[in-house]
Protein chains: 2
Amino acid sequence: MIRAGKSIRATPRTAAKAGKREAILDSALDVFSRYGYRGATLDQIASGAGMSKPNLLYYFSGKEEIHRTLLTRQLDAWLAPLKAIDPNGDPVAEITLYVRRKLEMARDYPRESRLFANEIIQGAPVIGEFLGGELKQLVDEAARILAGWSESGKIAPVNGRHLIFSIWAATQHYADFEVQIRLVLGSDGIGFDDAAEHLEFLFRRMLEPG
Amino acid sequence: MIRAGKSIRATPRTAAKAGKREAILDSALDVFSRYGYRGATLDQIASGAGMSKPNLLYYFSGKEEIHRTLLTRQLDAWLAPLKAIDPNGDPVAEITLYVRRKLEMARDYPRESRLFANEIIQGAPVIGEFLGGELKQLVDEAARILAGWSESGKIAPVNGRHLIFSIWAATQHYADFEVQIRLVLGSDGIGFDDAAEHLEFLFRRMLEPG
DNA sequence: AATAAATTTGACCAAAAGGTCAACAGCAAG
DNA sequence: CTTGCTGTTGACCTTTTGGTCAAATTTATT
């Protein structure tokens, strides 16, 4: 028999290798999302991934590659909810669904949210091109849909772009400022159900025509 | 004549000294707000303040003191708008005024906003006590006022704490994510007038009773 | 078992960073 | 002018940090 396993599926070796890369990326997400690019150290990332620094550098060429990998591979997931807005759906339902999806992302992927927050606060050196390109086009398109709904009286007259900003802000806030919210609420959890209810009420009331 | 100038007002010397401290803090605000505590370097701060690092350390005992000074001396200013909410004023007017004040702070003090954002994302190691203490009490008090207005039907039934979070999020977003907004809008400015109009509309519609 | 390939790490290096110190410059009072 | 205090910095020290490398260890393959 001639090297069956190799070409048909990943060998245990390559599977393990991919697993190690994932472990590194997971640890790096912890560190970068908290301390930002400059504030993160390879030793900290390696330690979190349970390996030595040279070993980490066997899987990635350097600090920058890890950071870039984390940011770029999350971009599509970040756009998905915006792309999912259906121009033919019920306007208020589409928008409140978008809000809910974004809030769920803040709840389920808070570290990714903070990674982006750090990147943008720092001036978006890595994803700046993406923000001014692909993201801008998507927002333009969404704003056009919103304007259409607005003009046909299906929703209140709103500034589409600023509405999108408000949705981003209100939802991501629960991830980026998680610590503050915990401390201000004085409870262990964040109360995502309360937040969801509140945000749905907020944006529904805003959008209802008339 | 015996040492008239000294006790009556600051001498030129001490005035100059205070000026240098301000120059350092201003430069430090640039650097800390962008790169976070760990990512900031004393050389960068000193260079931005137009002096050498040892000279900087003549005015401050170290990196931490500069950072702590920046954070703590901004706390009062940060609370002022929340304190200014008048329980006896017109509810919707009071809240929209609060929104406007917060947005003006984001416009006029974006670096301070980003400094706080960095501090909180990083886990609030410096101002954590303040957030769970003084700020929590103020939010509790404001939430009580909102609940009162809500129960007496002067505004729609809202979750006071989450409403406050939404206002913080929506306004500070224009400071913290300034770069992203610029890139997505594709213009040089942020359109604070549009933002103000949008936010006033958003929160007014939400709050109107009935 | 022997060999080869992949993986792991201790030791090391150069640069960066926080901080110290002795010496030097500026300046006001006697 | 000189004395003394304030302000300033070049040189230096120590630790941290990103990254390299050769040697060692583990894991397949024959």
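Order of the sequence lines sets the chain letters (A, B, ...), proteins ahead of strands, with each chain counted from 1. Every value quoted in this text rests on a predicted model; they were computed, and no experiment measured them. Atom set for the values below is all heavy atoms of this structure, side chains included, hydrogens, waters and symmetry mates excluded.
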Between C1' on C:dA17 and NZ on B:Lys63, what's the gap in Å once rounded to a whole number? 8 Å
Answer yes or no: side-chain N or O of A:Lys53 and base N or O of D:dG18 forming a donor-acceptor pair under 3.5 Å. yes
Gap between atoms CZ and P, on B:Phe60 and C:dT20 respectively (whole Å): 15 Å
Atom CG of B:Leu56 and atom C1' of D:dG10 are separated, to the nearest Å, by 16 Å
I want to verify a distance call: between D:dG18, C:dC21, D:dT8, whose nearest atom is closest to the B:Pro54 side chain? C:dC21
Ring centroids only, cut at 6.0 angstrom: are B:His198 and B:Phe201 within range, meaning strictly under it? no
Can you tell me the distance, in whole Å, between the CG atom of A:Asp43 and the C1' atom of C:dA17? 15 Å
Mind checking if A:Ala40 touches a base, just sugar-phosphate, or nothing, with heavy atoms under 4.0 Å? sugar-phosphate
Any side-chain heavy-atom pair from B:Lys102 and B:Trp168 closer than 4.5 angstrom? yes
Side-chain contact test, heavy atoms from C-beta onward, threshold under 4.5 Å: evaluate it for B:Phe165 versus A:Leu185 and give yes or no. yes
Checking salt bridge (charged side-chain N to carboxylate O under 4.0 Å, His left out) for the pair A:Arg182/A:Glu178: CA distance, chi angles, key distance, verdict? CA-CA 6 Å; A:Arg182 275 189 151 76; A:Glu178 182 182 341; 2.5 Å; yes
To the nearest angstrom, how far is B:Glu65 atom CD from C:dG18 atom C1'? 14 Å
Under 4.0 Å, heavy atoms only, any strand: does A:Leu42 hit a base, just the sugar-phosphate, or nothing? sugar-phosphate
Without decimals, in angstroms, what is the distance between A:Gln44 CD and D:dT15 P? 20 Å
To the nearest Å, how far apart are A:Arg38 CZ and D:dG18 P? 12 Å
Please confirm whether the shortest side-chain N or O distance from B:Tyr59 to OP1 or OP2 of D:dT8 is below 4.0 Å. yes
May I ask you to evaluate whether B:Asn55 reaches the phosphate of D:dG7, defined as a side-chain N or O under 4.0 Å from OP1 or OP2? no
Would B:Arg101 and B:Glu104 count as a salt bridge (charged side-chain N to carboxylate O under 4.0 Å, His left out) here? Give the steps. CA-CA 5 Å; B:Arg101 280 179 177 143; B:Glu104 280 163 7; over 6 Å; no
What is the distance, rounded to the nearest whole Å, between atom CE of B:Met51 and atom P of D:dT9? 8 Å
Per nearest nucleotide of DNA chain D, the residue lying toward the 5' end, A:Thr41 or A:Ser61, is A:Thr41
So, OP1 or OP2 of C:dT7: does either fall under 4.0 Å of a side-chain N or O from A:Tyr58? yes
Any base atoms under 4.0 Å from A:Ser52, or only sugar-phosphate, or nothing? Heavy atoms, all strands. base
Determine: side-chain N/O of A:Lys20 to OP1/OP2 of C:dT8, distance under 4.0 Å, yes or no. yes
